[in-house]
Amino acid sequence: MAQSSGAAPEWATAANNAGYNSSGILATTVEQHQDELFAPYSTLDEPVMETIMRDVRAVGAKLKVVMRPMDRAPIFYAAVDTADSNANANPDHIEEMSENDRLIMQQLKDWDLWGPLVLCLALGICLSFRAPSEQASLVFAAVFCGVWVGGTIVTINAQLLGSTISFFQSLCVLGYSIFPMVLVAAVMVIIRWAWIDLIMVAVGYLWSTRTSTFFISQYIKPERRLLALYPVYFFFTFLAWIVFYF
Amino acid sequence: MMQSSYGMNSNYDEEDDPFAPNPFRAQPAPQQQQQQQQQQQQQPYNNMQQQPQQLYNMQQQQPYGMQQPPPPQGNVQYLSGTMDQNAAPHNYNNQTPASSFFSFAGCLNCIRLDTYQIYFDVDTSDVAGRLKAALLFFHLPDYFRVDTLGDDRNVVVTSETSDTDNNQETPILRKGPDLYGPLWIACTLVFTLAVTSNMLLYFDHWKQFTTNQHHHSSTTTNTTNPSSAAGDFQAMEYDLTHLIHALSVVATFAFGLPTFFWLATICMGMTKVPWVMWICCYGYCLVPYVAITSLLWMPWWSLMQWILLMLATLMSGCFVLRNLANPLLQQDAGKAATFVLAFPVTHFIFMCVLKFSFYTSTKK
């Protein structure tokens with residue numbers, strides 16, 4: 001996956017992870033930095049481990065981004081932004097985001113699909129592990145198809161509603177957002193008490209919807225935000241039901 | 001621009017203003033619209049061989065309806081969404097269709113995203129209004145089609161209440177049929193059916209388990225989740241098959257049946273109701289079913305289930321009948337009578353399929 005982050009030297013990725021950007025930085029300056037970082041850099045001579053670890057670190061960084069708490073709850077963001085947008089036209093929403101949130105969005109723009117694939121496989125394996133042997137392959141196939149087809153439908157829906165979201169970027173964010181559900185499914189392999197299961201699935205659901213809600217609501221008009229977010233909630237409800245019931 | 005070459009849709013450029021003005025609210029091209037009108041008037045209505053293709057071509061250029069142009073009034077706004085007579089669906093961002101392969105037949109436009117984008121030009125308030133109309137005003141003749149969707153009206157509809165200080169009537173935009181509602185109401189119904197029918201199975205298991213306990217007074221595990229191997233196996237088998245059955249049943253009823261009706265009316269010469277209107281009406285008629293099936297998760301008596309389903313079918317069938325019968329009857333009263341009869345019959349069959357597939361317990 002050299003196209004996503006392969007051209008950047010390792011020290012630059014680490015600097016981004018450490019939150020090197022100072023406060024008050026505008027998006028244009030960040031772009032200039034990234035133009036410098038994406039200068040031609042030959043990766044032919046590096047050891048294989050280095051190549052693999054670059055993508056592993058990128059996946060790990062995005063997993064940390066998904067689990068990191070936001071400064072403002074996305075549900076309130078959707079409600080508050082309506083008033084702000086009516087008052088002053090602010091299509092880029094730059095000064096409304098805090099520094100932390102802006103960092104998160106910047107990291108999520110660097111999409112890759114290894115993470116969603118690994119997470120989807122992990123979820124399918126966890127669920128088919130809990131199923132009886134006759135049903136295991138059916139459960140795995142259902143989860144795998146459900147995640148990818150569901151993500152595709154949610155993204156296409158957002159695009160049809162007029163957002164300028166990129167297809168693979170949105171698929172990447174949705175795929176990474178199922179990480180809390182994977183954790184819940186892994187814990188539920190061991191613990192199967194009904195009420196604890198319910199609480200864990202509810203917490204996982206709330207955490208999963210947080211990042212993807214925040215991300216998708218950036219790219220869509222306030223009048224249609226709920227229309228684009230309902231499929232996201234529906235997708236995670238479907239996953240939560242499968243994780244809970246199976 | 002690191003992101004602009006990624007993704008399937010190179011039309012969408014994130015570096016631009018994400019809220020670019022909607023091209024379907026652009027300035028109209030009156031000449032194109034007048035030409036289409038002349039074409040429409042020249043082709044006779046009963047020229048059956050050319051009619052389907054003609055209709056299809058006109059639907060390409062004029063995405064919804066074949067109505068008169070809006071009369072020039074004082075306070076009129078340009079219509080948006082599917083009611084915009086002068087919108088050309090292929091001129092998104094002033095681009096012609098990408099390759100000549102797609103413009104070869106015009107039929108392949110059905111797999112392009114751009115052709116469907118005009119039917120998703122709705123806001124949250126629009127969809128909320130349509131859902132409310134589907135639930136509350138299903139009995140009013142033509143209310144949903146004319147007042148909510150804006151069919152047969154080319155001018156802006158004025159509101160009943162004047163919220164501004166002056167006495168001018170404030171215009172409300174009617175946007176025509178949409179495809180967002182049918183798609184997500186159908187998905188919601190599939191999910192609700194699968195979840196509630198599985199809850200019924202769970203209650204059946206539980207009842208059986210507790211009755212077995214009373215009979216045998218054995219000291220098995222006292223948990224209430226179906227963790228026994230046999231119950232788990234059966235529950236899971238029913239889970240997935242219920243989901244897949246629900247998907248096929250709802251997809252057939254919400255998308256296959258209206259498409260079939262549309263083809264039949266086209267072949268019989270009643271061309272007034274376009275395909276999108278069929279899908280929209282059948283999509284929003286599922287709203288009572290969603291409401292009722294979300295109540296059916298409790299272990300009611302069988303009679304109560306029948307009563308609730310009958311109530312939903314009545315609301316839904318009335319909705320479809322009131323909105324789709326009139327334009328068909330206006331065009332051809334004799335042939336349309338078949339369809340008017342077919343609407344309640346198909347709804348009744350749908351209700352029976354739901355009841356016997358999802359809400360009948362097979363074990364005793």
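Chain A is the first sequence line, chain B the second, and so forth, proteins listed ahead of strands; every chain is numbered from 1. Bear in mind that the values here come from a model prediction, so they are computed numbers and not experimental data.
Annotation: maximal heavy-atom pairing with chain B below 4.5 Å, among A:L171, A:I242, A:L226, occurs at A:L226. Ranked by heavy-atom pairs under 4.5 Å with chain A, the list B:V127, B:L179, B:I244, B:V195 is led by B:V195.
In terms of the side-chain hydrogen bond (donor to acceptor under 3.5 Å, both in side chains) criterion, residue partners of A:Y205 (sequence neighbours excluded) are, by chain and number, A:T237. With sequence neighbours left out, the ring pair (Phe, Tyr, Trp, His ring centres under 6.0 Å) criterion links A:F215 to A:Y219.
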Checklist entry - Is there a side-chain hydrogen bond (donor to acceptor under 3.5 Å, both in side chains) between B:H245 and B:S357 once you walk through the steps? => result CA-CA 8 Å; B:H245 284 160; B:S357 298; over 6 Å; no
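Using a 4.5 Å cut-off between heavy atoms, A:F238 touches chain B through backbone and side chain atoms alike. Using a 4.5 Å cut-off between heavy atoms, B:A194 contacts chain A through both its backbone and its side chain. When heavy atoms are compared at a cutoff of 4.5 Å, B:Y116 approaches chain A by way of both its backbone and its side chain.
Side-chain contact of B:W184 with A:N157: a donor-acceptor pair under 3.5 Å is present, judged by distance alone. A donor atom on one side chain and an acceptor atom on the other are not found under 3.5 Å apart for B:D126 and B:Y180.
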